[in-house]
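In what follows, every chain begins at residue 1, and chains take the letters A, B, ... in the order their sequences are listed.
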There are 2 protein chains.
Amino acid sequence: MIATDVERLTRAALSRLAEPGDVRLTSLVEQLGATRVHDLLVAGPGPAAQGDRRDDQGLADDVATRLVSLDPARELEIAHRQGIRFIIPGDVEWPTGLDDLSGAGALHERGGVPVGLWVRGPARLSEVTSAVAVVGSRAATSYGGAIAGEIAGECATHRMAVVSGGAFGVDIAAHRAALAVGGLTVGVLACGVDRYYPQSNADLLRRIAEVGALVSEAAPGCAPQRVRFLARNRLIAALTAGTVVVEAASRSGALNTANWATRLNRVVMGVPGPVTSETSAGVHEQLQAGVMQLVTGAHDVRELLGRSGEELAPQRPRRRDVRDRLAPRQRQVLDAVPVAGAVPVDSVARVAGLGLLEVQASLTRLARAGLVQQEGGGWRLSGLARA
Amino acid sequence: MIATDVERLTRAALSRLAEPGDVRLTSLVEQLGATRVHDLLVAGPGPAAQGDRRDDQGLADDVATRLVSLDPARELEIAHRQGIRFIIPGDVEWPTGLDDLSGAGALHERGGVPVGLWVRGPARLSEVTSAVAVVGSRAATSYGGAIAGEIAGECATHRMAVVSGGAFGVDIAAHRAALAVGGLTVGVLACGVDRYYPQSNADLLRRIAEVGALVSEAAPGCAPQRVRFLARNRLIAALTAGTVVVEAASRSGALNTANWATRLNRVVMGVPGPVTSETSAGVHEQLQAGVMQLVTGAHDVRELLGRSGEELAPQRPRRRDVRDRLAPRQRQVLDAVPVAGAVPVDSVARVAGLGLLEVQASLTRLARAGLVQQEGGGWRLSGLARA
């Protein structure tokens, strides 16, 4: 699919109309296409539904009026002057990872492929092929900040893009560490990419826009709101090969990102901390539930992301090798063990003409090598030695 | 099997003769019985084996001489006067968990059911039915000591016996916390139970002997040696329903206990810590390998030990319940979804006579309840709704 100008204008209008990740809109667009949804919404609901539309709050009665009054061409023009572009599915820059959001369901009524992304900065999202999300508590401890920095810095050094949410705490520690090593970092915001929120991170966010990219599903000018954070988290998960949660209290927003990563079959990682620390409690819960893999630093993260999806066939030792490597006296013991029917250790010793203790030690070693096995208190050759 | 006096004397002699957990001896005794092994050892190896017995070091050439020169009756008498008893398989007090060591293989050449246990203290080992091992680094941090104390204290309060090795660090913190709440604690030593090692723990070990039990596979008078620690670890694992490792560096002895617990199908638990702490690195490795379960405190430990082996059948919602609970307008949507062949959302909306956005929201909810499903961009009833 090549994105047309009409498609882009339609999607820009829908992006302005609806909340980010409004699952009703995103799933309609996935099923019917943006243009058809636009037309159906402008036409309004059929006469049978005029009586009661309590389920349609938010994208409700005035949808048609609002859609018609929008001027997406002018929006895109203003954005362009601010160095902001609006990318949509079919664009060369569109990150294909986002398409995995189709059919991935919803969390907190947010979900689906975004109708488009507002992007600011020189980094091309399509070129972010190896990316890791480093997220966590806004109220990170110094421990969490240090670990986030270690992971982000080392991953960025190894040419991975570090994606995070630009928030206080873990997020900004990750961005800062990636910038510090001259690496690529992408901030996925809950507000418009023309805003630097939170204010205290403004300098760093501005720097990300200069050398990396700021990304948002929310149109320029939008303020950060709770539902926008929840919608934003799914983009962080979808844009990356894996998500590392550095610190997160129980029921924290960072876990929401991890839940999305799980749904999207991304690698989901958690850094443990002291069990006495409330900001690690959420990570520990997820590790216990088995939905996160424990990582202790960048080394583990890189290993998990490097080998994800790859399954090496286990190496099996060949029988000849094992037997050939036996010491002469061990082969003497092996030769004294019958092929069929098990015999007690003392009769093996008698046949081998060796001491009881030596024979016992040899049998234990041979059993470990898979050449003999115990059966009803006696010893016999295993299938491996008979073959 | 009822233990006879002859059996006890024989096993006392073997206990004095061999190193704790010498896998050659323990496996011979398991296969042939203590008396037959004793007699075979006194008789010595056959003539064919006289030339070279390099595999028999430790229990070597002078075995027969040493066995004959032992006076186990006198040993038991002296032990008795020191308040030390020697229990063997078949005794009422014999902890049946130790029998699981039979066939569990060897680690570092140690393994098998001990030929007997030397016990000092009022606690009856057979009555230790609900026991947890709390082990960890000798070089525990204040964090590790605090967590060990929390887990041991709360488990002891809930009538679980706390078993550990009496060593510095995590071990002694666990014993101390159990004693502090008036709970039962058992120290499994690498030296004879007439010795208090390490010296700095002497007061606490003496107290354990007064109100709990000190236990050892090594005969009275034996000094603590490396192989005895390794042999000891398997007893800690076998005597308990589960082992908690609080802090352990890579390749630490506490992990040896955990390995034994794994082999014995006990519950193996690990407490995470800061990834910057070397004394937590071994625990993190085992958690990563999936051989330990992550616990954050006594609550988790008690839950895992309480439910170990128990498997609750998953509760399945009954179809009638789900459908009956639907709101009228949702049932209206459900009725508009065809049984066979999927249709797009707008035709469901047309049939239902409801607005597109409401129908989309309803379908999403119905899908979550398992009543409808998406198929090729359309919607159809799921098997659950058709049944």
Side-chain angles (χ1 to χ4, degrees), chain A residues 23-25 27-28 30-32 36-37 40-41 44-46 48-49 52-56 59-60 63 103 105-106 143 146-147 271-276 280-281 284-285 287-288 293-297 300 329 344-346 349-350 352-358 360-362 364 368 374 377-378, chain B residues 23-25 27-28 31-32 36-37 40-41 44-49 52-56 59-60 63 103 105-106 143 146-147 271-276 280-281 284 287-288 293-297 300 329 344-346 349-350 352-358 360-362 364 367-368 374 377-378:
Chain A
V23 75
R24 298 169 304 176
L25 181 71
S27 53
L28 282 174
E30 283 169 39
Q31 291 169 76
L32 308 176
R36 178 145 171 73
V37 170
L40 284 166
L41 289 173
D52 180 343
R53 282 200 302 278
R54 58 192 169 149
D55 274 344
D56 298 354
L59 259 181
V63 162
Y143 167 71
I147 303 301
V271 179
V275 296
T276 46
S280 286
H284 292 152
E285 285 163 11
L287 289 169
Q288 287 181 317
Q293 297 187 68
L294 190 153
V295 290
T296 62
D300 290 342
R329 292 172 71 94
V345 61
D346 47 328
R350 207 162 38 241
L354 295 171
L356 192 63
L357 295 174
E358 176 182 353
Q360 177 59 37
S362 289
T364 304
R368 229 176 279 155
Q374 272 188 295
Chain B
V23 74
R24 298 168 305 174
L25 181 72
S27 53
L28 283 174
Q31 291 168 79
L32 308 175
R36 178 145 171 72
V37 170
L40 285 166
L41 289 174
D52 180 345
R53 282 201 299 280
R54 58 190 170 149
D55 274 345
D56 298 355
L59 260 181
V63 161
Y143 166 70
I147 303 301
V271 179
V275 296
T276 46
S280 286
H284 292 153
L287 289 169
Q288 286 180 318
Q293 298 186 68
L294 190 153
V295 291
T296 62
D300 290 342
R329 291 173 72 95
V345 60
D346 48 327
R350 205 162 41 241
L354 296 171
L356 192 63
L357 296 174
E358 176 181 354
Q360 177 58 38
S362 289
T364 305
R368 232 176 278 154
Q374 272 188 295

Do [X] and [Y] have side chains that get closer than 4.5 Å, going by heavy atoms?
X       : Y       : answer
L28(A)  : D346(B) : no
L356(B) : V37(A)  : no
V295(A) : V275(B) : no

* Take T364(A) and R24(B), measure what side chain to side chain contact (heavy atoms under 4.5 Å, CB included) needs, and give me the verdict at the end. => CA-CA 8 Å; T364(A) 304; R24(B) 298 168 305 174; over 6 Å; no

* Part of R350(B) lying under 4.5 Å from any heavy atom of chain A ->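 For R350(B), there is no contact with chain A at all, as no heavy atom is under 4.5 Å.
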
* Partner residues of Q31(B) under the side-chain contact (heavy atoms from CB on, under 4.5 Å) criterion, sequence neighbours left out ->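 Only V345(A), Q360(A), Q374(A), W379(A), S27(B) meet the side-chain contact (heavy atoms from CB on, under 4.5 Å) criterion with Q31(B).
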
* **Contacts of type side-chain contact (heavy atoms from CB on, under 4.5 Å), residue A106(B), not counting sequence neighbours** =>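 For A106(B), the residues satisfying side-chain contact (heavy atoms from CB on, under 4.5 Å) (neighbours in sequence not counted) are R368(A), V23(B).
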
* Asked: Roughly how far, to the nearest 0.5 Å, is CD of Q293(A) from CG of L287(B)?
  -> 12.5 Å

* To do: State whether the side chain of Y143(B) and the backbone N or O of T276(A) hold a donor-acceptor pair below 3.5 Å, judged by distance alone.
  =>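 No; judged by distance alone, with no hydrogens or angles, the pair does not exist.
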
* Can you list the steps and then say if L357(B) with L25(A) is a side chain to side chain contact (heavy atoms under 4.5 Å, CB included)? -> CA-CA 8 Å; L357(B) 296 174; L25(A) 181 71; 5.9 Å; no

* To do: I would like to know whether Q288(B) and T296(A) meet side chain to side chain contact (heavy atoms under 4.5 Å, CB included); could you show each step before the answer?
  => CA-CA 9 Å; Q288(B) 286 180 318; T296(A) 62; 4.2 Å; yes

